[in-house]
Asker: 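Pasting in a structure now, in C-alpha cells, and then I'll have a few things to ask.
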Amino acid sequence: MNILGIESSCDDTAAAVLSDGKILSNVIASQTVHEQFGGVVPELASRAHNKTIWATVDQALETSGFSMPDVDAIAVAKGPGLMGSLLVGLGFAKGLSLSWEKPLIGVNHIDAHMYANFIEHNEVFPFVALIVSGGHTRLVHVTAPFEHTVLGKTRDDAAGEAFDKIGKMLNLPYPAGPYVDRHAKTGNPEFADFPRAMAKKGLDFSFSGLKTSVLYYLRDQRQSYIDEHLDDLCASVSAAISDVLLVKLRRAVRKTGVKQVMVAGGVSANSMLREKVRAMAKKEGVNLMIPAMEYCTDNAAMIAKAGEMKARLDQFDGMELKPFASL
Ligand code: KG4
Ligand code: ZN
C-alpha cells in the first residue's frame, strides 16, 4: 500500500510517501516568518502553507519516485491545530483525492505523533503513551489501534509550551525547546531548584507554576549572571520538566501493568527526557518506543503511517471531512 501523507496543522508544511510500511520521502518546509514574533501567527501560517504546499507535495512524490497512479490513498491531518492551517492541507488533499480519484483519510494529528513510533517498531498493543508537544501533554492507555483512554493531561501549559515560554524569558529564539536542550547539555541540572508541580500523586500535569517560578528567579538576577549561567539554567529547567514527565509516565506504567511504553510529540526529541525514559524503561522491564529524531516534531511521515493503519481498518473519509481545532 502506498500512502501520500500531508501535514499542515501548525507552522510546518509537510508531505511524505509511505510504501509498504517504509518511508520513501519525508519533506518538511518549516516557516521562518514567525520567529520575529516569538510565536506562531495563525494568519501568516495559513498563507505560508498556501504558498508551499504544492511544491512540498511535489517534492515528496519526486523523491519517492512515485507519481499519481502509484498512490493508493491520501492521508491528511484533520486536527487538532490552527483552523486556517488545517484548511489548507485538507482542501489540498480533497482536491487531489477528487482529481486523482484516490480515497481520502483524515488523521488525528495526536494519534499520528503516537503512531510515528510504528514506522520503526512493530505494531504492538496495549501500551502507555506520553504525548508531549507544543500544544498537548497527556498520558494515554492505548488498547487497540485508535482506541485509548486518557490517564492524565495538563491542567494548564503543555510541556513544549513551558520549554518555549521559559526559553523566551532566557532570550532564546522561537521555538526555544531545542535551544534549551542544546544549552542544557553543558549545564548543571542541580544549579537551580525549580518546582516539580503535582509530582507526588496523580497523572495530571501542571507547568504554569514552573514558568512563574523561573520568571521570579530571573527577575531577581542581573543580566550578566543569567548570561553566565545560561547553560545551568537551561539544564535546571529541563530537569524540572523531564522529572515530572518521567515520574508520571512511570506511575502510569505501574498502574496499567503494560509491557510497552512510548513517548511521542516534539518534546520527545529532548535529550534529557530520552535519557531518563530509557533508564526508567530498563529498570521497570518494559519495552520502550521512542521516535527517531526526524519523526518527533511535526512531519507527514507520521500522518502517512497513521493513514496506512486506518486504511487497513477500512476507515476512509469523504468530501464531508471537516477540520477541528481542539481535541
Ligand atoms: O509536536 P510538535 O512539533 O508540534 C506540536 O504539535 O505542538 O512540538 C513542538 C514542540 C515545541 O514546543 C518545541 O519547542 C518542542 O516541541 N521541542 C523540544 C525539543 N524539540 C522540539 N522541546 C525540548 N527539547 C527539544 N529537543
Ligand atoms: Zn505536533
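Throughout, residue positions are numbered sequentially from 1 according to the sequence presented. All ligand and atom numbering here is 1-based and tracks the order in the structure.
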Asker: Using the ring centroid of each side chain, check whether Tyr179 and Phe163 are separated by less than 6.0 Å.
Answerer: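 That pair fails the under 6.0 Å test.
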Asker: Should the pair Glu275-Arg278 be classified as a salt bridge under the 4.0 Å nitrogen-to-oxygen rule?
Answerer: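 No, Glu275 and Arg278 are not salt-bridged.
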Asker: For the residue pair Leu104 and Gly318, what are the closest heavy atoms and their distance?
Answerer: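 Leu104 and Gly318 have their closest heavy atoms at CD2-O, 3.7 Å.
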Asker: Given Thr297, Asn270, Val40, Ile131, which has its nearest heavy atom closest to atom 24 (N) of ligand 1?
Answerer: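 Looking at heavy atoms only, the winner is Asn270.
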Asker: Carefully, step by step, assess Asp156 and Ser206 under the rule side-chain hydrogen bond (donor to acceptor under 3.5 Å, both in side chains).
Answerer: CA-CA 6 Å; Asp156 38 62; Ser206 168; 2.7 Å; yes
Asker: Mark the output for His109 as yes if a heavy-atom distance to ligand 1 is under 4.0 Å, and as no if none is.
Answerer: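 Right, His109 reaches ligand 1.
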Asker: Flag the pair Lys153 and Asp204 as a salt bridge only when some basic side-chain nitrogen lies within less than 4.0 angstrom of an acidic carboxylate oxygen.
Answerer: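 Salt bridge: no.
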Asker: Do the charged groups of Glu120 and Lys22 touch, with an N to O distance under 4.0 Å?
Answerer: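 Salt bridge flag = no for Lys22 with Glu120.
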Asker: Tell me which protein heavy atom sits closest to atom 15 (C) of ligand 1, plus the residue, atom name and distance to 0.1 Å.
Answerer: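 The answer is Val267 CG2, 4.0 Å.
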Asker: Identify, by atom number and element, the atoms of ligand 1 in contact range of Gly160, meaning under 4.0 Å from any of its heavy atoms.
Answerer: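 Once the distances to Gly160 are compared, the set is 12 (O).
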Asker: Of all the atoms in ligand 1, which lie at a distance below 4.0 Å from a heavy atom belonging to Ala269?
Answerer: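 What qualifies from ligand 1 is 20 (N), 26 (N).
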Asker: Can you sort out which atoms of ligand 1 are near Asp181, meaning under 4.0 Å from one of its heavy atoms?
Answerer: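 Result: 24 (N), 25 (C), 26 (N).
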Asker: Where does His136 meet ligand 1, judged by heavy-atom distances below 4.0 Å: at the side chain, the backbone, both, or neither?
Answerer: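 For His136, no heavy atom sits under 4.0 Å from ligand 1.
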Asker: What part of Asp164, side chain, backbone, both or neither, has a heavy atom within less than 4.0 angstrom of ligand 1?
Answerer: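 Contact part for Asp164 vs ligand 1: side chain (C-beta onward).
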Asker: Under a 4.0 Å heavy-atom limit, does Asp298 contact ligand 1 with its side chain, its backbone, both, or neither?
Answerer: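 For Asp298, the contact with ligand 1 is made by both the backbone and the side chain.
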Asker: Below 30° counts as parallel, above 60° as perpendicular, anything between as tilted: where do the rings of Phe125 and Phe118 land?
Answerer: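 Correct class here is perpendicular.
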Asker: Could you check whether Lys276 pairs with Asp243 (Lys NZ or Arg NE/NH1/NH2 to Asp/Glu carboxylate O, under 4.0 Å)?
Answerer: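 Counted as a salt bridge, because a side-chain N and a carboxylate O are separated by less than 4.0 Å.
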Asker: Could you tell me, atom by atom, which parts of ligand 1 come under 4.0 Å of a heavy atom of Phe163?
Answerer: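 Heavy-atom distances to Phe163 below 4.0 Å select 22 (N), 23 (C).
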Asker: Can the ring centres of Phe194 and Tyr217 be said to be less than 6.0 Å apart?
Answerer: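 Ring centroids of Phe194 and Tyr217 are less than 6.0 Å from each other.
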Asker: Report the protein N/O/S neighbours of the Zn ion (ligand 2) that fall below 2.8 Å; do not count waters.
Answerer: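 Checking every protein N, O and S atom gives His109 NE2, His113 NE2, Asp298 OD1.
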Asker: Are Glu7 and Asp298 side-chain neighbours, meaning at least one heavy-atom pair lies under 4.5 Å?
Answerer: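 Yes, side chains in contact.
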Asker: With heavy-atom distances below 4.0 Å as the criterion, list the atoms of ligand 1 near Gly177.
Answerer: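 Here the atoms of ligand 1 in question are 14 (O), 18 (C), 19 (C), 22 (N), 23 (C), 24 (N), 25 (C).
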Asker: By the ring pair (Phe, Tyr, Trp, His ring centres under 6.0 Å) test, which pairs, at least two apart or in different chains, include something from residues 220-252?
Answerer: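 Ring pair (Phe, Tyr, Trp, His ring centres under 6.0 Å) check on residues 220-252 returns Phe191-His229, Tyr225-His229.
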Asker: When you measure from atom 16 (O) of ligand 1 to each heavy atom in Gly135, Ser238, Gly266, which option holds the nearest one?
Answerer: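 It is Gly266 that holds the nearest heavy atom.
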